[in-house]
Number of protein chains: 2
Amino acid sequence: MPRVGIREVAALADVSMGTVSHFLNHPTRVSAEKAKRIQEAIEKLGFVRNNAGRQLRLGRSSTVAYIVPDVSNPFFATIAEGVERRAAQAGLSVFLANSGGDRAREDSYLALFEEQGVRGMLVASHDPIEDRLAAARTRGTPSVLVGRRANSAAQPSISIDDVSGGYLAARHLIEIGCRRIAFVGGPLGIQQIADRLQGASNAVRESGTAMLEIIDIEHRIISVGHKVGAELSGRPAEHRPDGIFAVNDLLGIGLVQTLVGNGVRVPEDIAVVGYDDIEYAENSLVPLTSVRPPHEDFGIAAVDLLLTVIGDAPLPAETQLVFAPDLVVRRSTTRG
Amino acid sequence: MPRVGIREVAALADVSMGTVSHFLNHPTRVSAEKAKRIQEAIEKLGFVRNNAGRQLRLGRSSTVAYIVPDVSNPFFATIAEGVERRAAQAGLSVFLANSGGDRAREDSYLALFEEQGVRGMLVASHDPIEDRLAAARTRGTPSVLVGRRANSAAQPSISIDDVSGGYLAARHLIEIGCRRIAFVGGPLGIQQIADRLQGASNAVRESGTAMLEIIDIEHRIISVGHKVGAELSGRPAEHRPDGIFAVNDLLGIGLVQTLVGNGVRVPEDIAVVGYDDIEYAENSLVPLTSVRPPHEDFGIAAVDLLLTVIGDAPLPAETQLVFAPDLVVRRSTTRG
DNA sequence: ATGAAAGCGCTAACAT
DNA sequence: ATGTTAGCGCTTTCAT
């Protein structure tokens with residue numbers, strides 16, 4: 001099979017290469033008759049425009065990259081929806097990459113996308129990564145740090161205000177009458193987690209009457225929620241918290257399952273608040289009250305920020321965007 | 001900022017462009033001294049190799065695409081892990097794309113990746129897509145259909161034997177004593193769903209004593225499980241099934257939650273089997289017995305198949321690979 | 001409206 | 001071991 005390029009199309013349609021190119025890029029400038037001949041030739045030959053040649057000539061691509069630690073995490077996946085939609089509107093395609101939380105893979109994708117000549121990168125990462133993004137930026141590929149506020153003023157970022165999220169969760173528990181509040185989460189070395197605790201702590205202090213117990217855990221998954229739930233149900237009622245702030249929904253779901261299974265009533269005995277508002281939160285045994293970060297809007301805003309950084313949109317005063325989360329109240333905190 | 005290419009590096013290192021290229025592609029052929037000068041120049045200038053030029057010259061890229069309807073679906077996400085690892089071993093990078101189950105987006109990604117000149121594509125889709133893959137193939141981009149057996153012999157595919165999965169599920173229910181079995185799933189227009197029903201039906205017929213009720217539903221999500229669970233708990237006990245085969249785990253989880261919430265015991269009154277063995281199945285209220293398709297292995301096998309199709313690996317006799325699922329037995333079907 | 005031609009950055013074949 | 005050079009496929013002036 002001989003490779004078919006613009007040249008073969010031109011030959012078959014009996015026009016020049018330039019006309020074929022015009023047809024491809026500025027269809028209006030080509031006469032109807034030749035357009036038809038060219039179109040037929042393209043279909044007959046199965047011509048596919050070679051992006052390498054195009055990009056080389058144009059000097060730039062029309063793609064952006066979105067790198068995440070875990071595509072299957074509903075938080076990142078939902079953002080991806082917004083990212084793709086907005087990028088498409090701007091005429092850009094999105095290359096998704098899954099780093100698996102592995103630095104080496106993260107690095108290799110960063111390098112790959114730089115070589116690909118993407119217009120910009122959206123990067124979510126648990127690692128310290130600003131240095132590498134700064135380096136990429138000096139080499140010509142700008143980026144937006146997603147999910148975490150950047151330390152450097154030069155690094156655009158878009159993030160959730162986790163302090164305010166933690167505050168919302170704890171204040172809600174206090175408002176429905178909880179006085180012994182447990183924070184279930186960790187590791188505190190992760191900024192987002194520490195921020196949520198900080199916010200919760202602020203709310204508790206502000207109340208003047210409530211107390212905060214911190215249950216530090218390693219992994220934020222359902223089975224750990226089970227474990228902690230078992231421990232709590234085993235305590236005499238007067239030593240149990242009456243409200244739990246689980247630092248994510250998976251923990252919250254696990255906690256509720258085990259508490260209820262052991263005869264502890266949710267929310268009557270213990271009210272529970274989760275974080276992230278994943279789909280399962282709404283559909284769990286006892287629908288879970290949860291702190292909801294913006295989702296699709298967040299992806300849209302991320303792309304918009306990247307576009308301004310790239311220079312395709314006017315520069316805003318501020319390139320460190322912080323979004324405020326909401327609280328979605330469900331049965332797990334609805335008493336009476 | 002002047003764009004820096006191989007030419008600028010060569011000038012600064014005081015060598016020829018060819019030597020820089022050699023350094024990049026065949027480092028051993030360059031003397032230590034010049035290698036050092038080149039390396040320094042690269043770092044000093046922040047040189048990034050332009051892939052468009054490279055690819056244009058080489059006539060091919062070293063990437064493959066993996067297109068899925070929903071990246072956040074744990075089934076595809078887990079496969080992606082295997083795909084990426086195996087591709088990396090073969091020196092290939094993976095571009096992930098999320099079609100959102102939307103045909104237009106699917107098409108635009110197919111076209112994009114063809115233009116990008118990927119070596120091949122792994123495509124999972126709920127739509128009829130073989131025609132388009134065939135067209136892409138004739139134009140030079142081969143593909144492997146993932147998750148569904150291809151109709152055309154010319155289209156390589158890798159899939160799960162859903163008939164056998166459905167059979168496993170139903171036979172297990174029968175073996176633990178169920179006689180009135182309900183199949184909860186739909187739409188039957190989806191091949192995978194129809195196959196699972198087929199398998200279940202085979203097992204029931206084979207038993208000679210069991211009966212099968214089909215509850216046809218539209219969406220395979222938790223909330224639909226709730227709805228069906230409510231309906232079933234409302235029936236007089238003698239008209240309820242004593243075993244349920246839920247066509248996926250989300251349905252199964254929803255069913256179990258509502259049944260148990262309404263005082264129907266699982267598995268004593270009704271045993272429940274799910275499908276897919278997602279993470280939540282193991283950690284649900286009553287750990288859910290589930291049909292488990294191969295996961296990471298599946299991704300590895302998919303890449304291997306694509307490599308053979310591309311021609312980087314020896315051609316096997318068969319390009320329609322079918323994997324057999326397992327059954328993972330948990331509490332939801334463990335009586336006594 | 002159409003055609004001719006230059007050149008984007010890179011690699012490898014060939015020459016030294 | 002290193003340099004020289006042709007040309008990959010395309011887009012876009014610039015003519016006509």
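A note on names: the letters A, B, ... follow the listed sequences, proteins ahead of strands, and every chain is numbered from 1. For clarity, every value in this text was computed on a predicted model and none was experimentally measured.
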Choose from D:dT2, D:dG7, C:dG3 the nucleotide whose nearest atom is closest to any side-chain atom of B:H22. D:dT2
Separation of A:R37 atom CZ from C:dT2 atom C1', in whole Å? 11 Å
Give one of base, sugar-phosphate or nothing for B:G18, where a contact means two heavy atoms less than 4.0 Å apart. base
Modelled atom types, side-chain donor and acceptor of B:S159 and B:S157, under 3.5 Å: no
Rounded to whole Å, the CZ-C1' distance (A:R7 to C:dA4) equals 13 Å
d(CZ, B:F23; C1', C:dA12) in whole Å: 18 Å
Check the orientation of A:F323 and A:F298. Use parallel for under 30°, tilted for 30 to 60°, and perpendicular for over 60°. perpendicular
Without decimals, in angstroms, what is the distance between A:N50 CG and C:dG9 C1'? 14 Å
Inter-axis angle, terminal five-pair segments of the helix from C:dA1-D:dT16 to C:dT16-D:dA1 [nearest 10°]: 30°
Which residue lies more 5' along DNA chain D, comparing B:D14 with B:L56 via nearest heavy atoms: B:D14
Rounded to whole Å, how long is the line connecting atom CZ of A:R54 with atom C1' of C:dG9? 18 Å
When the distance from CE of A:M17 to C1' of C:dG7 is rounded to whole Å, what number comes out? 12 Å
Taking the side chain of B:S31 as heavy atoms from C-beta outward, which of D:dA1, D:dT4, C:dC10 is closest to it? D:dA1
Residue whose closest nucleotide on DNA chain D lies nearer the 5' end, B:V15 versus B:L58: B:V15
For residues B:Q116 and B:T63, is any side-chain donor paired with an opposing acceptor at under 3.5 Å? no
Can you check the B:R29 CZ to C:dA13 C1' distance for me, whole Å? 11 Å
Quick one: does any side-chain atom of B:E106 pair with a main-chain N or O of B:S125 as donor and acceptor, under 3.5 Å? no
List the atom of A:F76, the atom of A:D70, and the distance in Å for their closest heavy-atom pair. CD1-O, 3.7 Å
Are side-chain N/O atoms of A:Q191 and A:R149 paired as donor and acceptor at under 3.5 Å? no
Pair A:E84 + B:R105, salt bridge at N-O below 4.0 Å: yes
For atom CG of A:N25 and atom C1' of D:dT12, their distance in whole Å: 9 Å
